[in-house]
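Below you'll find the structure, written out as structure tokens, and then a few comments.
So that the names make sense, note that chain A is the first sequence line, chain B the second, and so on, each numbered from 1.
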Amino acid sequence: MEILDMTDIKKRWKERVHAALLEIAAQASPAGTAAPEIGLDAVVAEFPPKPELGDIGFPMFSYAKLLRKNPAAIAQEMEKRLAGASAEASEGSAKAVGPYLNVFFDRGATSAEILMRGEDAGWNASRPMAGRKVMIEFSCPNTNKPLHLGHLRNNILGESLSRITAAAGAEVRKVNLINDRGIHICKSMLAYQVYGGGRSPEDEGLKSDHFVGKYYVMFNTLKAEDPTAEARAQELLRRWEAGDPEVMELWKTMNKWAVDGIKTTDARQGGGFDQYYFESLTYMKGKDEVLDGLKRGIFYREEDGSVWVNLEDIGLDRKVLLRKDGTSIYITQDIGTAIYRHGDWPFEQLIYVVASEQQYHFKALFEILKRLGYEWAKNLYHLAYGLVNLPSGRMKTREGTVVDADDMIDELAALAEKEIAAKGRDASVGDVKAVAEKVALGALHYYLLQTSPTKDMLYDPEQSLSFTGNTGPYIQYMGARASSILRKYEQGEGNAAAGKISLDKLSSDADWALIRRLASFPEALELAARAKEPSVMAAYAHDVAADFSTWYRDNPVLTSPDPDLSASRVALVKSVKATLQAVCGMLCIPFLEVM
RNA sequence: GCGUUCGUAGCUCAGCUGGAUAGAGCGACGGACUUCGAAUCCGUAGGUCGCAGGUUCGAUUCCUGUCGGACGCACCA
């Protein structure tokens with residue numbers, strides 16, 4: 001069977017509508033005069049507010065003036081014109097509804113396509129971003145302390161966006177830039193030298209990144225005891241830059257502890273990277289580029305020897321690129337790193353997932369790369385995201401300190417475990433701890449992704465885990481319910497095995513509501529990928545789960561007396577499950593067969 | 001002060017390139033389990049989309065101003 005792609009059907013209808021409009025326009029204009037121009041882009045399609053109005057709609061308002069007709073009349077004429085069109089039956093039909101021209105999909109053809117999902121692992125054939133190479137940078141931790149709540153949002157945004165972009169057909173490369181050098185690193189090293197006594201994380205029974213973080217905090221203790229602490233840290237940095245063997249040895253050891261621990265947390269979230277960059281290896285890059293730009297007159301040198309760029313013409317400031325002593329600063333490194341990466345893997349687009357406090361920095365960075373003449377610089381994108389706040393109270397740690405990522409997940413898992421016990425599900429789920437961890441991650445990830453990245457958000461752990469409503473666990477629960485039905489079917493319950501799948505059995509409005517939702521998957525995916533908005537997929541996941549929940553309450557699957565009806569519904573449940581699995585995968589919400 | 005960004009129901013959030021009666025969830029109130037898992041479902045109440053102008057046939061969406069919050073404006077990263 002030929003696979004129907006709803007996105008394509010929509011596009012083809014758009015073209016038909018466009019063609020018909022041109023015909024009307026040509027007819028309406030007096031002989032000898034040019035027909036008014038209507039671009040294909042001027043044809044907009046949207047979803048009618050109620051399903052009975054149609055599946056997609058085209059408002060006719062904007063052509064009224066051009067065609068000197070009222071929108072309703074245009075819609076009428078469009079309907080007549082398109083009725084006879086040689087559109088294949090499977091493409092549906094168009095009907096005038098007031099000032100709108102609405103298209104009704106052919107239910108049978110759509111259903112047939114949807115039912116294939118359950119049987120075909122490669123059902124997602126939509127590839128709107130095919131052929132594109134997209135590099136996505138996220139996480140970028142410092143190696144002086146463990147990840148915190150903000151990193152969890154960063155990680156999940158980056159990971160989810162990567163998966164969505166890949167699902168949309170692009171080739172994706174996830175990269176992480178480890179900030180493993182600098183004064184802050186030296187502070188934890190110094191504190192360890194003073195207080196560590198050569199102990200290892202194992203000796204203290206701490207996760208290795210938490211161990212390093214402990215000494216970073218202890219630097220404050222040192223500062224209170226020793227007024228020269230800051231100076232000593234600076235001295236350590238100088239020795240590091242000089243390659244002092246003793247300092248390098250300590251640095252390597254502590255960095256490994258930090259990075260190993262951080263990687264464990266990344267893996268816990270389900271993420272990972274295709275390539276790691278280390279600031280200690282890249283921070284020298286960029287200087288040559290700046291000097292080259294200076295030679296070409298893109299930058300200028302002040303009397304003290306420092307090198308600057310003037311971005312005032314685009315509403316930014318003057319920025320320093322090289323200090324008067326000739327050393328690099330932050331933005332210089334980023335210039336170098338971007339160029340270096342493009343050499344590594346010639347991306348078409350590079351997306352930086354970085355907190356919105358750095359918006360200014362990235363504007364400047366992108367502009368500088370553009371001025372240096374890099375063609376790809378126009379495709380650099382800063383995915384800025386806001387802060388994660390917690391409701392004041394229990395979860396908020398003392399002022400000034402941040403909520404640790406591992407602690408947060410631990411706490412969520414403990415709550416989930418309690419809930420499983422409270423529901424009396426311990427026996428059914430088997431490995432309670434493993435399931436609780438997955439529920440915790442589903443809760444956390446969905447909650448973090450449902451909000452648009454740009455906004456600051458309030459993370460309420462209790463609410464995210466509440467298991468009722470717009471939450472990750474709700475979506476997981478619907479996945480588990482679907483799985484449960486299919487499991488029983490496999491075990492021979494009901495009479496579906498004796499029936500055969502019939503599209504006629506899935507033609508009710510209730511069926512159509514669910515099928516239409518499943519059919520809009522390619523649109524949701526394309527929008528999410530194009531707009532770089534995992535929240536679109538999150539909303540879609542919830543919609544699918546909610547529609548399924550409504551549907552299966554009134555549509556018994558295995559207990560229906562009609563074998564054909566039963567078999568058809570089993571097929572539909574399979575495609576619901578396949579869809580939920582795919583979408584949950586993109587959102588890093590673990591799919592659970594049982595919970 | 002300048003710049004960026006956010007402001008939608010009591011609370012947390014959606015609202016796709018401007019379009020048909022602004023949607024979910026929580027909370028409140030009222031219903032539905034001898035029925036495939038009630039971690040569910042159904043219903044009711046609740047909004048002058050911060051405010052004021054403007055563009056448009058049409059504005060929550062675009063523009064200007066204004067109020068309020070967040071962030072940024074280092075030879076830090």
Give me the ring orientation class for A/Tyr300 and A/Trp308: parallel if the planes are under 30° apart, tilted from 30 to 60°, perpendicular past 60°.
parallel
Parallel, tilted or perpendicular: which describes the rings of A/Tyr330 and A/His361, with under 30° parallel and over 60° perpendicular?
parallel
Base, sugar-phosphate alone, or nothing: which one does [X] contact when heavy atoms must sit under 4.0 Å apart?
X        : value
A/Met595 : base
A/Asp456 : sugar-phosphate
A/Pro556 : base
A/Tyr474 : sugar-phosphate
A/Ile329 : sugar-phosphate
A/Ala480 : base
A/Ala45  : base
A/Lys324 : base
A/Gln476 : nothing
A/Thr550 : sugar-phosphate
A/Pro48  : base
A/Val594 : base
A/His361 : nothing
A/Asn555 : base

For [N], the Watson-Crick or wobble counterpart (both distances under 3.5 Å):
N     : value
B/C36 : none
B/A45 : none
B/U4  : B/A70
B/C26 : B/G10
B/C62 : B/G54

Which residue, A/Asp562, A/Asp564, A/Asp511, forms the salt bridge (charged side-chain N to carboxylate O under 4.0 Å, His left out) with A/Lys505?
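Exactly one pass, corresponding to A/Asp562.
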Tell me whether the OP1 or OP2 atom of B/U5 has a side-chain N or O from A/Thr454 closer than 4.0 Å.
no
side-chain N/O A/Lys488 vs B/G37 OP1/OP2, d < 4.0 Å:
yes
Could you say whether A/Leu527 or A/Thr559 is positioned toward the 5' end of RNA chain B, judged by the nucleotide with the nearest heavy atom to each?
A/Leu527
Nearest-nucleotide 5' precedence on RNA chain B, A/Ser466 against A/Glu46
A/Glu46
Check every atom of [options] against the side chain of [X] and return the nucleotide holding the closest atom.
X        : options             : value
A/Thr451 : B/A14, B/C6, B/A39  : B/A14
A/Glu357 : B/A20, B/C71, B/C36 : B/C71
A/Lys50  : B/A20, B/G72, B/U21 : B/U21
A/Val97  : B/A20, B/U40, B/A70 : B/A20
A/Tyr100 : B/U12, B/U40, B/A20 : B/A20
A/Ser452 : B/A38, B/G15, B/C6  : B/G15
A/Lys363 : B/U4, B/G15, B/G37  : B/U4
A/Tyr477 : B/A14, B/C36, B/U40 : B/U40

Length of the line joining [X]:[atom1] and [N]:[atom2], which is rounded to integer Å:
X        : N     : atom1 : atom2 : value
A/Lys455 : B/C71 : NZ    : P     : 18 Å
A/Arg481 : B/A39 : CZ    : C1'   : 10 Å
A/Met457 : B/C11 : CE    : C1'   : 14 Å
A/Leu365 : B/A77 : CG    : C1'   : 14 Å
A/Asn470 : B/G15 : CG    : P     : 12 Å
A/Arg553 : B/G31 : CZ    : C1'   : 13 Å
A/Gln463 : B/A24 : CD    : P     : 17 Å
A/Ile74  : B/G19 : CD1   : C1'   : 14 Å

Please give the distance between the [atom1] atoms of [N] and [M] as a whole number of Å.
N     : M     : atom1 : value
B/U40 : B/U35 : C1'   : 14 Å
B/A59 : B/G19 : C1'   : 10 Å
B/A70 : B/C29 : P     : 35 Å
B/U48 : B/C36 : C1'   : 48 Å
B/U61 : B/U55 : C1'   : 14 Å

Looking only at N and O atoms, is any donor in the side chain of A/Asn102 or the base of B/A20 less than 3.5 Å from an acceptor on the other one?
yes
Identify the two heavy atoms, one from [X] and one from [Y], that lie closest to each other, and give their separation to 0.1 Å.
X        : Y        : result
A/Lys532 : A/Leu161 : CA-CD1, 3.6 Å
A/Val583 : A/Phe521 : CG2-CE1, 3.8 Å
A/Glu15  : A/Leu40  : CA-CD1, 4.2 Å

Do the side chains of [X] and [Y] get close enough for a salt bridge, i.e. N-O under 4.0 angstrom?
X        : Y        : value
A/Lys423 : A/Glu419 : yes
A/Glu302 : A/Lys324 : no
A/Glu235 : A/Arg238 : yes
A/Glu593 : A/Lys577 : yes

Are A/Ile56 and A/Ile9 side-chain neighbours, meaning at least one heavy-atom pair lies under 4.5 Å?
no
Does some side-chain heavy atom of A/Ser356 sit less than 4.5 Å from a side-chain heavy atom of A/Thr454?
no
Ignoring hydrogens and angles, state whether a donor on the side chain of A/Ser464 or A/Tyr459 is under 3.5 Å from an acceptor on the partner side chain.
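There is such a pair (donor and acceptor under 3.5 Å, judged by atom type) between the side chains of A/Ser464 and A/Tyr459.
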Hey, are A/Asp317 and A/Tyr360 close enough side-chain-wise for a donor-acceptor pair under 3.5 Å?
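Checked: A/Tyr360/A/Asp317 side chains pair up, N/O donor to acceptor below 3.5 Å.
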Taking N or O atoms only and anything under 3.5 Å, show me the protein contacts with nucleotides 54-63 of chain B, one pair per line.
from, atom 1, to, atom 2, distance (Å)
B/C57, OP1, A/Lys65, NZ, 2.3

Could you tell me whether B/C6 is syn or anti, where syn means a glycosidic angle within 90 degrees of zero?
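B/C6: anti glycosidic orientation.
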Check each residue of residues 311-323 of chain A for a non-hydrogen atom within less than 4.0 Å of any atom in RNA chain B, then write out the ones that pass by number, or none.
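A/Asp317, A/Val320, A/Arg323, in order of number.
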